[in-house]
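As structure tokens, the structure follows; a few thoughts come after it.
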Number of protein chains: 2
Amino acid sequence: MVIDAALQLVESEGSGALSMRRLAADLGVATTTIYWHVGNRDELVVALIRRHAQRMGESVVNGDHPRDRVLSAARNIWTSALSHRNVTALANQVGATTLLHLPLEVTLLAELQAAGLEDGEAADALRAILFCTAGFLVAAWRDEERVPVELQRRALWASVRDPRVSDGALDALAGEPDTQSLFETALVAIVDAALAGCSGSGRGDGGVDPGGDGPDR
Amino acid sequence: MVIDAALQLVESEGSGALSMRRLAADLGVATTTIYWHVGNRDELVVALIRRHAQRMGESVVNGDHPRDRVLSAARNIWTSALSHRNVTALANQVGATTLLHLPLEVTLLAELQAAGLEDGEAADALRAILFCTAGFLVAAWRDEERVPVELQRRALWASVRDPRVSDGALDALAGEPDTQSLFETALVAIVDAALAGCSGSGRGDGGVDPGGDGPDR
DNA sequence: ACCTGAACACCGTTCAAGT
DNA sequence: ACCTGAACACCGTTCAAGT
């Protein structure tokens, strides 16, 4: 099947390797044959993303407290994107990220509502989490790209000399960022801000820990 | 000058219009002439970004309290990116965002340190703000892109039917997001989380407002 | 030092023509 | 219904050749 071959090509060699000619060569047919089957490169990409989306099954949300479940549902999107970076990057390029993650996003929305957020609040919280996640994903990918070394973040920060900032901070910025833990911190900050003032949100900073009210964990 | 023409081309027609042949035609020279001057398309793009970066002057940071100044410095990056979206998008594509915003980022780092953050904390806070901002920027741009209507966020959310989520939330997600205010909320959440526990950070939720301690504003 | 045309190896896409 | 070659309009890039 054409779409499966395209999906495999993207997953193994990245979105840059997906051309109609290359795909046709892999399949052993003429380039124009592809067009008869999928119509278009854009339509091919959409079909490819759709196929991938339906392939990865439903996600499991962990946690007893609403806040924990929200965080878990959000981490599922992050993890899913990280473990299929080529397809996710392609979806990002064509602006079809929602198409790829819709089931996971619906689940996250449900958890936000279960945590007590009203319609509009839940929608805004979902969007804030998604936008933020997308930013951290791009940051997590960028490191391995083909950016010339001389103008990568590390090199640029190493060249900064400014009396307003400390050398220690500059050294820290010249090193590799721990994208994973940065994401975790930012996610918690955004979720807690969104859940602030909700009943049973269990923020936990200064509040009383209600203790284990569930059997497991 | 070749680079100026390229910069103007990107600013007026977007990064997609920047090709060696198109640029040569605009300048009234042969395509190969461009190569003699800039060597490469990648080098041309870098030179273009560098030129744009030095053109927009220093930023002004407003506010008396450290927290306000951090927020102001962060907003400067957001605003600068929004008002030059084509160049910023191009820099994003080639992974040279830091090259474009380095002066603004150094200023933000200085404000984070002035707010009391240690070396590593300031570096992490800066990265969190930058990554998050990048995500919201992409979201703010994506709306106007050439994504087929049938698979845009709005259409996809309008098609969701799930007992776990309310119709009101789905309606909200089928509408246009207010990216500006979403960014503002997320920014405040991340900055406040980073500044939590710092001396004189002035979080302001329940704390005592120290009042005006500066002569101006 | 500066510019040129010809050429190579790629793209996506259309279309009349084959079976 | 399915596949093909030829062709068009684009890319980035190299290189020997001109002035």
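These numbers come from the heavy atoms of this one structure, side chains and all, not from hydrogens, waters or symmetry mates. If you're wondering where the values come from, they're calculated on a predicted model, not measured in any experiment. Every chain is numbered from 1, with letters handed out A, B, ... down the list of sequences.
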>> Pairing donors with acceptors under 3.5 angstrom, does anything connect the side chains of Gln93(A) and Ser15(A)?
In response: yes

>> Looking only at the side chains, is there a donor atom on one of Gln180(B) and Trp78(B) sitting less than 3.5 Å from an acceptor on the other?
In response: yes

> Which value, rounded to the nearest 0.5 Å, describes the distance between Glu118(A) atom CD and Glu121(A) atom CD?
Replying inline: 5.5 Å

Rounded to the nearest Å, what distance is computed from the [atom1] atom of residue [X] to the [atom2] atom of nucleotide [N]?
X        : N       : atom1 : atom2 : answer
Tyr35(A) : dT13(C) : OH    : C1'   : 5 Å
Arg41(A) : dC11(D) : CZ    : P     : 16 Å
Leu23(B) : dC11(D) : CG    : P     : 11 Å
Met20(A) : dC3(D)  : CE    : P     : 14 Å
Glu43(A) : dT13(C) : CD    : C1'   : 13 Å
Leu18(A) : dC11(C) : CG    : C1'   : 12 Å

Are the charged groups of [X] and [Y] less than 4.0 angstrom apart, N to O?
X         : Y         : value
Arg69(B)  : Asp64(B)  : no
Asp68(A)  : Arg75(A)  : no
Arg164(B) : Glu111(A) : no
Asp178(A) : Arg127(B) : no

For the side chain of [X], counting heavy atoms from C-beta on, which of [options] is nearest?
X        : options                  : value
Trp36(A) : dT4(C), dT13(D), dA1(D)  : dA1(D)
Thr33(A) : dG12(D), dT4(D), dT13(C) : dT4(D)
Arg21(A) : dT14(C), dC11(C), dC2(C) : dC11(C)

> Does His37(B) place a side-chain N or O at less than 4.0 Å from the phosphate oxygens OP1/OP2 of dA1(C)?
Replying inline: no

> Within the pair Asn40(B) and dG12(D), is there a side-chain N or O less than 4.0 Å away from OP1 or OP2?
Replying inline: no

> Considering only heavy atoms and no angle criterion, is a donor-acceptor pair shorter than 3.5 Å present between the side chain of Thr32(B) and the base of dG5(C)?
Replying inline: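 Side chain to base: pair found, below 3.5 Å.
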
>> Mind checking if Ser19(A) touches a base, just sugar-phosphate, or nothing, with heavy atoms under 4.0 Å?
In response: sugar-phosphate

> Taking all atoms of both residues into account, what is the closest heavy-atom pair of Arg142(B) and Asn92(A), and its distance?
Replying inline: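 Where Arg142(B) meets Asn92(A) most closely, the heavy atoms are NH2-O, 2.7 Å.
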
> Could you spell out the base pairing of DNA chain D in dot-bracket, with Watson-Crick or G-U pairs whose two distances are under 3.5 Å, [ ] crossing and | to another strand?
Replying inline: ||.|||||...|||||.||

>> Below 4.0 angstrom, which residues in residues 5-16 of chain B have at least one non-hydrogen atom near DNA chain D?
In response: none

>> Show, in sequence, the C-alpha distance, side-chain angles and deciding distance for Leu18(A) and Leu48(A), and conclude whether the side chain to side chain contact (heavy atoms under 4.5 Å, CB included) test is met.
In response: CA-CA 11 Å; Leu18(A) 179 65; Leu48(A) 176 161; 4.1 Å; yes

